[in-house]
Structures are given as structure tokens and as C-alpha cells.
K.L.:
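Below is one structure. I have some questions about it.
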Amino acid sequence: MTTAQATDTVDQQADFDAVVSAEGRIEPRDWMPDAYRATLVRQIAQHAHSEIIGMQPEANWITRAPSLRRKAILMAKVQDEAGHGLYLYGAAETLDVDRGELLDKLHAGRQRYSSIFNYPTLTWADVGAIGWLVDGAAITNQVPLCRCSYGPYARAMVRICKEESFHQRQGYELLHALSHGTPAQHAMAQDAVDRWWWPSLMMFGPPDDESSHSEQSMAWRIKRHSNDELRQRFVDICVPQAESLGLALPDPDLRWNEERGTHDFGEIDWSEFQQVLRGNGPCNEQRLDQRRTAHENGAWVREAAAAHAAKHSARTSDDAVSGTATGEGAMAG
Amino acid sequence: MFLTGRAADAAVALGDDALVLSHRLGEWAGHAPMLEEEVALANIALDLLGQARFLYSLAGDEDELAYLREERAFRNAQLVERPNGDFASTIARQLYFSSYQELLYTELASAEGELAPLAAKAVKEVAYHRDHAVQWTLRLGDGTAESSRRMQAALTDLWRYTGELFDPVEGLPVDTAALREPWLASVSAVVRQATLTLPDGPDRSGWTAGGGRHGIHTEAFGRMIAEMQHLHRAHPGATW
Ligand SMILES: [Fe+2]
Ligand SMILES: [Fe+2]
């Protein structure tokens with residue numbers, strides 16, 4: 001590195017730091033430290049992967065939804081998640097990686113998605129529990145990201161959070177109908193909450209003293225609150241909602257702490273979290289297999305779209321076919 | 001205000017087409033070849049589900065109609081119940097059906113009757129469904145050797161379910177037989193542009209007791225509605 005380049009980098013770093021600490025936005029063309037870029041790519045990719053893997057447990061119930069109204073709501077929700085995937089892969093692409101590359105890493109098990117989706121949806125009530133608790137936890141995590149220092153990510157999060165809050169309300173409403181329905185429906189709702197409560201608390205990540213990426217992410221204004229702060233906030237939101245649902249949260253240690261002005265809650269089983277993270281959850285293989293299979297089965301379709309686009313960009317006179325292409329060409333290969 | 005008699009039967013038959021195809025498209029969720037198609041197929045499925053719900057609401061309770069009738073009571077054309085197959089099969093089914101539905105709804109929109117307002121709205125949705133199918137037929141037909149082979153196989157395979165679309169639907173103020181000629185013209189233009197050929201086999205099976213419009217379905221349909229209806233039927237009288 002020459003002296004001039006070194007001085008450049010020092011100036012650029014100073015500019016970057018100034019923008020970030022003044023709560024400004026870093027945009028794709030701005031200089032950014034390599035580690036900042038890498039952190040964002042890792043986080044946005046993981047987030048995008050979670051959206052598309054997260055389609056699976058709920059899509060599992062589309063064909064069995066018990067009323068046409070619920071079927072429509074569920075289909076629209078799963079479609080929203082695909083849309084979230086699109087926004088987020090789009091945000092990642094502003095950092096010079098492409099969707100195909102990120103999907104390859106997901107399929108090879110080299111990038112993660114949220115562990116929560118490695119649990120199975122065993123009954124219809126699980127659709128409600130996912131909406132209420134999983135989308136609810138996602139919102140608690142993601143609202144602060146709307147102020148993330150990286151512009152494209154922050155803007156994607158604004159759109160996504162709006163839709164997630166619909167999902168959360170729909171899930172709550174679904175559980176409310178079950179809880180106030182027949183005894184069998186009530187039992188179905190309670191069972192789902194029993195199974196999804198603890199995994200939802202794990203969605204905030206390991207306790208603060210064991211979280212590896214937190215400090216630097218906070219300094220970069222990517223992360224704003226610690227895992228434990230967000231988890232506590234989520235518990236405090238859920239307790240009164242569970243009461244109005246008429247459902248119990250499966251934690252005998254859960255109680256209001258007058259002194260702290262917040263709820264105490266029981267010990268999380270972090271060994272379970274570690275197991276699921278390591279690939280030993282109930283559905284890790286199934287989720288990844290389905291994703292890979294869909295991708296592999298779709299390869300000929302993407303290749304065809306790319307071949308068609310190539311032929312017809314060569315034959316520009318043929319405008320009948322250039323109509324509503326949706327960018328598939330860019331994805332092939 | 002409910003329709004009664006044959007007008008109600010007609011609304012239910014068109015509702016069945018829409019519900020059953022919506023259900024089949026819903027089976028793609030999480031399995032589509034690319035994210036854009038997850039969104040597009042779900043869009044089409046949601047449009048069709050909306051149409052079904054409206055049509056059923058003219059004839060009775062939507063959930064009773066969807067969940068509590070048995071296989072033989074459904075009046076959808078067999079084409080829409082055919083399993084998804086590969087992406088080319090789904091596109092061929094979409095091309096055949098949306099081309100029919102667009103013509104049918106255009107006629108219905110201009111005919112006098114209770115279905116006219118729905119048809120006028122739905123015809124715009126269906127035009128988009130057809131455009132989606134046309135674009136993909138062109139891409140697959142004139143894409144790679146493999147995609148062309150698959151698209152041709154799909155068109156040929158589903159051809160024998162197309163004849164039924166032009167059978168009369170009782171109570172419907174449309175001469176469905178008259179839709180056959182414009183349908184054939186529009187479908188064959190797309191197929192030709194896709195560098196494929198229109199199948200020359202029969203457009204219905206040699207023996208037929210009337211097909212889906214008379215409640216005679218294919219074996220796959222029984223399984224489809226078993227899955228669709230199971231949970232609703234397991235909790236009689238429950239609200240969801
Ligand atoms: Fe989402
Ligand atoms: Fe969501």
C-alpha cells in the first residue's frame with residue numbers, strides 16, 4: 001500500500017465513522033470497512049434465508065386450512081415471506097454478492113437460517129403460534145433494524161416490519177378463535193403455545209455474555225439492543241397477550257417483578273438451542289432437503305428463461321416475447 | 001341474496017373450477033423454481049380463491065360448499081384437478097384454463113345476470129394469469145432443448161382434458177361451445193410462437209360419462225379433497 005492510499009483509507013474510515021455515529025446512512029456506493037460489509041452480507045443473507053425457509057412450516061398447512069378465509073390469509077402470508085426474501089436478497093446484492101451465490105451457500109450448509117424453522121408444524125394451531133410468537137419475536141428483533149446504518153437494509157426492514165405486524169395479529173387472532181372455540185380447539189391452541197414458547201425465546205440468540213458478534217455490531221449501528229434486552233421486551237409483550245388469549249405460557253417461573261418493573265422468567269434450555277443450531281433439530285435435514293430439491297428441480301426452468309432471454313435479446317425485433325420478464329435470466333446458473 | 005336452482009349450480013361449478021385450481025397452485029408454495037414464481041403462483045392462487053369465495057357466496061355458505069361436499073358433488077372441469085406435475089405441466093394447465101376462463105368471463109361480463117359484476121372484475125385478473133402462462137410457454141418452448149421437450153409433453157398430456165371445457169354449464173348464460181373456436185385460435189397462436197405444435201390427438205378420452213361438470217372426476221381429485229377437507233370435517237360445527 002502506498003502512503004497516498006493509506007491516507008485515503010484513513011480519511012475514508014474517518015468519514016464512515018462520522019456518518020455512522022451521527023446516525024446517518026451508509027449507501028452502496030459509499031466506502032465501508034471490509035468487516036462491516038462482511039458482517040452485513042452474513043446477517044442479511046441469514047435473514048433472507050430465514051424468510052424463504054420459513055415458508056415451509058406454514059406452507060405445510062395451506063392445503064389443509066380449515067376455512068377458505070384462513071386459507072386465503074395463510075397463502076397471502078407465505079407469499080409475503082417469499083416477497084421478504086426478494087427484498088432481502090436485493091439488499092444483499094447491493095453489497096456485490098448475488099442471490100445465486102447466497103443460495104448455493106445456504107444449500108451447502110455454509111450460511112445459516114433461523115433455527116426456529118427447524119421445528120415441525122404438527123397441528124393447525126401451530127400456524128397461529130408461529131404468527132403470534134415467531135413473527136412477534138421477529139418484529140421485536142427487527143424494528144430496531146429499521147434504523148440500521150446500512151440504508152438498503154434499513155429500508156427493506158421498514159417494508160418487512162409492516163407486513164410482519166399483520167402476520168403477528170393474524171396469528172393472534174387465529175389462536176384467539178381456537179382458544180375460544182371447542183374444547184378440542186382450545187387444547188390444540190394450548191399445545192401449540194407449549195411447544196413454540198421456548199423456541200421463540202431462543203430466537204433472540206444466546207445470552208449476552210456468550211454472544212460473539214454483538215459489540216462490534218452495536219458500534220456500527222447494525223444492532224441496537226442486546227439479545228437479553230430484546231428477549232425481555234418480548235416476554236413483557238407476550239404475557240398480557242397470552243392472558244387475553246386465555247392461554248398459559250409454559251413457564252412456572254414466569255412472574256411480574258415489581259422491583260425490576262418487568263417479568264422474571266425461567267431458565268432457557270440452551271443445550272437444546274445448541275443442538276438445533278448444530279443441525280440436530282427435528283426438521284433441519286427436511287427443510288434443507290426441500291430447499292435443495294426445489295432449487296435443483298427448478299434448474300431447467302431457470303436455464304430455459306436465461307436461454308430464451310439470450311436468444312431474444314439477440315433478435316430485438318421480436319418484441320412479443322420481451323414483455324413481462326421478471327429477471328429470471330439474472331438468476332440462472 | 002342467494003341464487004337458487006340452476007343459476008346457483010352454475011355459480012358453484014365456476015367456483016369449483018377456481019377453488020380446485022387455487023388449491024393445486026397452493027401446493028407449489030415452497031417448491032417453485034425461483035422466488036419470483038413463489039410470488040406469481042401465489043398471486044394467481046389468491047385471485048382464484050377470491051373468485052371461488054365470491055361465487056360460493058352467491059349460492060350458500062362458502063365453507064359448507066368447499067368442505068362438506070363429497071367428490072361426486074364437485075362440478076369443476078377435470079383439467080383444473082390434474083396434479084401439478086413439473087413446472088411445464090402447471091404452465092400448460094394454466095395456459096389452457098386461463099385462455100378458457102378469459103373468454104368465458106368476457107362473455108359473462110357482457111351477459112345479463114348476477115355473475116356479470118364478478119366476471120367484469122375477474123376478467124382483469126384472468127388476463128394477468130393468461131399473460132403469465134403465455135410468457136412461460138414462450139420461454140419454455142423456445143428456451144433449451146429440455147424445456148422445449150417438457151413443454152411439448154405437458155401440452156400433449158393435458159390436451160385430452162380440454163374438450164370438456166366447452167361442454168355446457170347448466171344455468172350459465174353463455175354458449176360455452178362457441179368459445180371453442182376463439183380458444184383454439186388463441187392457444188394455437190401461442191403454441192406456434194413457442195415453436196411447439198398443438199397436439200392432434202382427441203381432446204377428451206374415448207369413453208366419458210360427462211366428466212367433471214357431471215361430478216365424474218379423476219382419481220387424484222379424491223385425494224386432493226380428502227386433504228383439503230380433513231381438518232374441517234374432523235371438528236364438526238367448529239368455527240375457525
Ligand atoms: Fe417475513
Ligand atoms: Fe412473517
K.L.:
Atom CD of Gln185(A) and atom OG1 of Thr239(B): how far apart are they, to the nearest 0.5 Å?
P.N.:
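If I round to the nearest 0.5 Å, the distance is 6.0 Å.
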
K.L.:
Quick one, Leu231(B) and Thr123(A) - any side-chain contact, counting heavy atoms below 4.5 Å?
P.N.:
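Contact flag for Leu231(B)/Thr123(A) side chains = no.
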
K.L.:
Hey, are the side chains of Trp240(B) and Leu174(A) touching, using non-hydrogen atoms and a 4.5 Å cut-off?
P.N.:
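Not in contact.
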
K.L.:
With rounding to the nearest 0.5 Å, note down the distance linking CZ in Arg99(A) to CE in Met34(B).
P.N.:
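Rounded to the nearest 0.5 Å, the CZ-CE separation comes out at 8.5 Å.
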
K.L.:
What residue among Glu81(A), Gln79(A), Met55(A) forms side chain to side chain contact (heavy atoms under 4.5 Å, CB included) with Glu38(B)?
P.N.:
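Between Glu38(B) and the candidates, side chain to side chain contact (heavy atoms under 4.5 Å, CB included) is satisfied uniquely by Met55(A).
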
K.L.:
Using modelled atom types and a 3.5 Å cut-off, is there a donor and acceptor pairing between side-chain atoms of Arg64(A) and backbone atoms of Gln229(B)?
P.N.:
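Checked: no pair found.
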
K.L.:
What is the minimum heavy-atom distance between Pro66(A) and His232(B), and which atoms define it?
P.N.:
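Heavy atoms of Pro66(A) and His232(B) come nearest at O-ND1, 2.8 Å.
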
K.L.:
What's the spacing between Lys71(A) NZ and Leu49(B) CG if we round to 0.5 Å?
P.N.:
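The distance works out to 7.0 Å.
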
K.L.:
Decide yes or no for Asn297(A) and Asp86(B): does some side-chain heavy atom of the first lie under 4.5 Å from some side-chain heavy atom of the second?
P.N.:
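Answer no - side chains too far apart.
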
K.L.:
Look up atom CG in Leu46(B) and atom CG in Leu74(A), then write down how far apart they are to the nearest 0.5 Å.
P.N.:
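Reported to 0.5 Å precision, the distance equals 10.0 Å.
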
K.L.:
Between Glu303(A) (side chain) and Thr144(B) (backbone), is there a donor-acceptor pair under 3.5 Å?
P.N.:
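No, because the side chain of Glu303(A) does not come within donor-acceptor range (under 3.5 Å) of the backbone of Thr144(B).
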
K.L.:
Side chain from CB out, backbone as N, CA, C, O: work out which of these in Arg24(B) comes under 4.5 Å of a heavy atom of chain A, or both, or neither.
P.N.:
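Looking at Arg24(B), nothing touches chain A.
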
K.L.:
Are His235(B) and Met188(A) side-chain neighbours, meaning at least one heavy-atom pair lies under 4.5 Å?
P.N.:
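Yes. Closest side-chain heavy atoms under 4.5 Å.
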
K.L.:
Examine distances only and state if a side-chain atom of Gln56(A) and a backbone atom of His31(B) form a donor-acceptor pair shorter than 3.5 Å.
P.N.:
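No.
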
K.L.:
So what's closer than 4.5 Å to chain B heavy atoms on Val301(A): side chain, backbone, both or neither?
P.N.:
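Looking at Val301(A), backbone and side chain both touch chain B.
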
K.L.:
Mind checking whether His312(A) and Asp142(B) have side chains closer than 4.5 Å, heavy atoms only?
P.N.:
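Yes, side chains in contact.
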
K.L.:
Any non-hydrogen side-chain atom of Ser147(B) less than 4.5 Å from a side-chain atom of His308(A)?
P.N.:
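With C-beta onward as the side chain, the pair stays apart.
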
K.L.:
State the CZ-CG distance between Arg53(B) and Leu68(A), to the nearest 0.5 angstrom.
P.N.:
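The distance works out to 6.0 Å.
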
